[in-house]
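First comes the structure, then the notes that go with it.
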2 protein chains.
Amino acid sequence: MSKPVEIIDELNLLSEHGVRNTRQRSAILQVLLASDIPLSAERIHEKTKEADADINLSTVYRFVEMLVEKNLATKSFNLEYGRATFELSNPHHRHHLTCTHCGEIVVIRECPLDKLCRALEEDTGFAVIGHRIELFGVCPKCQRELSTEEL
Amino acid sequence: MSKPVEIIDELNLLSEHGVRNTRQRSAILQVLLASDIPLSAERIHEKTKEADADINLSTVYRFVEMLVEKNLATKSFNLEYGRATFELSNPHHRHHLTCTHCGEIVVIRECPLDKLCRALEEDTGFAVIGHRIELFGVCPKCQRELSTEEL
DNA sequence: GTGATAGATGCAAATGCTTTGCATTTGCAT
DNA sequence: ATGCAAATGCAAAGCATTTGCATCTATCAC
Ligand SMILES: [Mn+2]
Ligand SMILES: [Mn+2]
Ligand SMILES: [Zn+2]
Ligand SMILES: [Zn+2]
């Protein structure tokens, strides 16, 4: 199986950052590229296994942290799940709304903080370099189930 | 030293929730009430010590989790710091902008997500029950220091 | 006030995600 | 092909947080 073009791009991006291109990193990137939701290191590890790549979990941790360091990925911490999660940072970054019951995730298309950040820079003198947003609620399906249980 | 009126309120609030009023809990609430920024369990523990209250760290963990459970406090996870943090949830909840260099914190007075949450409920059918926002940047002082170092 | 009891605490051990040291392997420049 | 710094695998350590259990205590009925 040849690598998708995005991976090649990412790998080139890495070499430009003075980082070596390895089988493990390619597999990890492939998983991250294929996902539109944040993944924990363990989940990334599982998915590389499913793709027949034998990678050590430490390698996953080391590489995703490197991606974050180089601003190629974003790290969050999922409190419900109790783990850090990672996703590639794209110019059109996304935020998510998660159902606290079943875990369903809805993607929020535009960032609600863009304007706020500019305003804050004016007001505070801070250089705002990043943000995280987590939204949680109960999805329609779980709402129905929960209201049934309450009878 | 008699307890401030807010603490009494909080303790009453607790008994209404069927929770016992103890020396330890009073001290923890005092610390949380006195702080306008989120605190880690360990930081809360230290501050109760400074106030001459001898409390076990487990008790802090158990109580703040209980507060979160009862929606009396909000839990976040400070990725830079690597720890969960807690703050009392007030009706006029606040968000913060943190300097990644010196840790200075600026309070954001109005929640930029209120409108978005209502819009999301319309669009997705989710019942949106909460959110977290973290903003980070570099404060003016650190910006000056950093630009000096670069010479 | 006294006693009964469910709930709270302290302590220490366990948990589990994440990090790290080190021997070995490997990408990549020459 | 060779050399070497960087990357990996493995196992052990780190460390915030959780948990089991014995002891204590707030609260309430009497
Ligand atoms: Mn955004
Ligand atoms: Mn808000
Ligand atoms: Zn759901
Ligand atoms: Zn600063």
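Below, chains carry the letters A, B, ... as their sequence lines are ordered, and counting in each starts from 1. Computation of the quantities below employed the complete heavy-atom set of this structure, encompassing side-chain atoms and omitting hydrogens, waters and symmetry-equivalent molecules.
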Exercise. At under 4.0 Å between heavy atoms, what does A:A41 touch on the DNA or RNA strands: base, sugar-phosphate, or nothing?
Worked result: nothing
For this session: Let me know the distance between CD of A:E65 and C1' of C:dT19, rounded to the nearest Å.
Result: 10 Å
Exercise. Nearest to the side chain of A:R23, which nucleotide is it out of D:dA5, D:dG20, D:dG9?
Worked result: D:dG9
Problem set entry | Distance, rounded to the nearest Å, where A:F86 contributes CZ and C:dC17 contributes P | 13 Å
For this session: Between D:dT19, D:dT18, D:dT8, spot the one nearest the side chain of A:T59, thanks.
Result: D:dT8
Exercise. With a non-hydrogen cut-off below 4.0 angstrom, is A:N78 in contact with a base, only sugar-phosphate, or nothing?
Worked result: nothing
Exercise. With sugar-phosphate meaning primed atoms plus P, OP1 and OP2, does B:E42 contact a base, only sugar-phosphate, or nothing at under 4.0 Å between heavy atoms?
Worked result: nothing
For this session: Using both distances under 3.5 Å as the test, list the Watson-Crick or G-U wobble partner of C:dC28, or none.
Result: D:dG3
Problem set entry | Side-chain touch B:T98/B:L135, heavy atoms, less than 4.5 angstrom | no
For this session: Among D:dA7, D:dT18, C:dC28, find the nucleotide with the atom closest to the side chain of A:N21.
Result: C:dC28
Seminar exercise, completed: Ranking C:dA8, D:dT18, C:dT9 by distance to the side chain of B:Q24, first place goes to C:dT9
For this session: Mind calculating the distance between CZ (A:F77) and C1' (C:dC17) to the nearest angstrom?
Result: 8 Å
Exercise. At their closest point, which heavy atom of B:S89 faces which heavy atom of B:N71, and how far apart are they?
Worked result: OG-O, 3.0 Å
Exercise. Any idea which of C:dT19, C:dA12, C:dG7 is nearest the A:S58 side chain?
Worked result: C:dT19
Problem set entry | Whole-Å gap separating P (C:dG10) and NZ (B:K49) | 12 Å
Exercise. Do the ring planes of A:H131 and A:H95 sit parallel (below 30°), tilted (30 to 60°) or perpendicular (above 60°)?
Worked result: tilted
For this session: Taking only the side-chain nitrogens and oxygens of B:R83, find out if one of them lies under 4.0 Å from OP1 or OP2 of D:dA16.
Result: yes
Problem set entry | Minimum-distance nucleotide to B:I55 side chain [options: C:dT18, C:dG10, D:dT27] | C:dG10
Problem set entry | Pair B:R118 + B:E121, salt bridge at N-O below 4.0 Å | yes
For this session: Considering only NZ, NE, NH1 and NH2 on the basic side and carboxylate oxygens on the acidic side, decide whether B:R43 and B:E46 come within less than 4.0 Å.
Result: yes
Seminar exercise, completed: A:E69 atom CD is separated from C:dT18 atom P, nearest whole Å, by 16 Å
Problem set entry | Side-chain N or O of B:N56 closer than 4.0 Å to phosphate OP1/OP2 of C:dC11 | yes
For this session: Report the distance from atom CG of A:L79 to atom P of D:dT18, rounded to the nearest whole Å.
Result: 10 Å
For this session: Using a cut-off of strictly less than 4.0 Å, decide whether B:R20 has a side-chain nitrogen or oxygen near OP1 or OP2 of D:dC28.
Result: no
For this session: Determine whether B:E87 and B:K75 make a side-chain contact, defined as any pair of heavy atoms from C-beta on separated by less than 4.5 Å.
Result: no
Problem set entry | N or O in side chain of B:Y61 less than 4.0 angstrom from D:dT17 OP1/OP2 | yes
Exercise. Just how far, in rounded Å, is P of D:dA16 from CZ of B:R43?
Worked result: 14 Å
Exercise. Between B:L57 (CG) and C:dA13 (C1'), how many Å, whole number?
Worked result: 15 Å
Problem set entry | Per B:R62 side chain, nearest of listed nucleotides D:dA26, D:dT19, C:dT18 | D:dT19
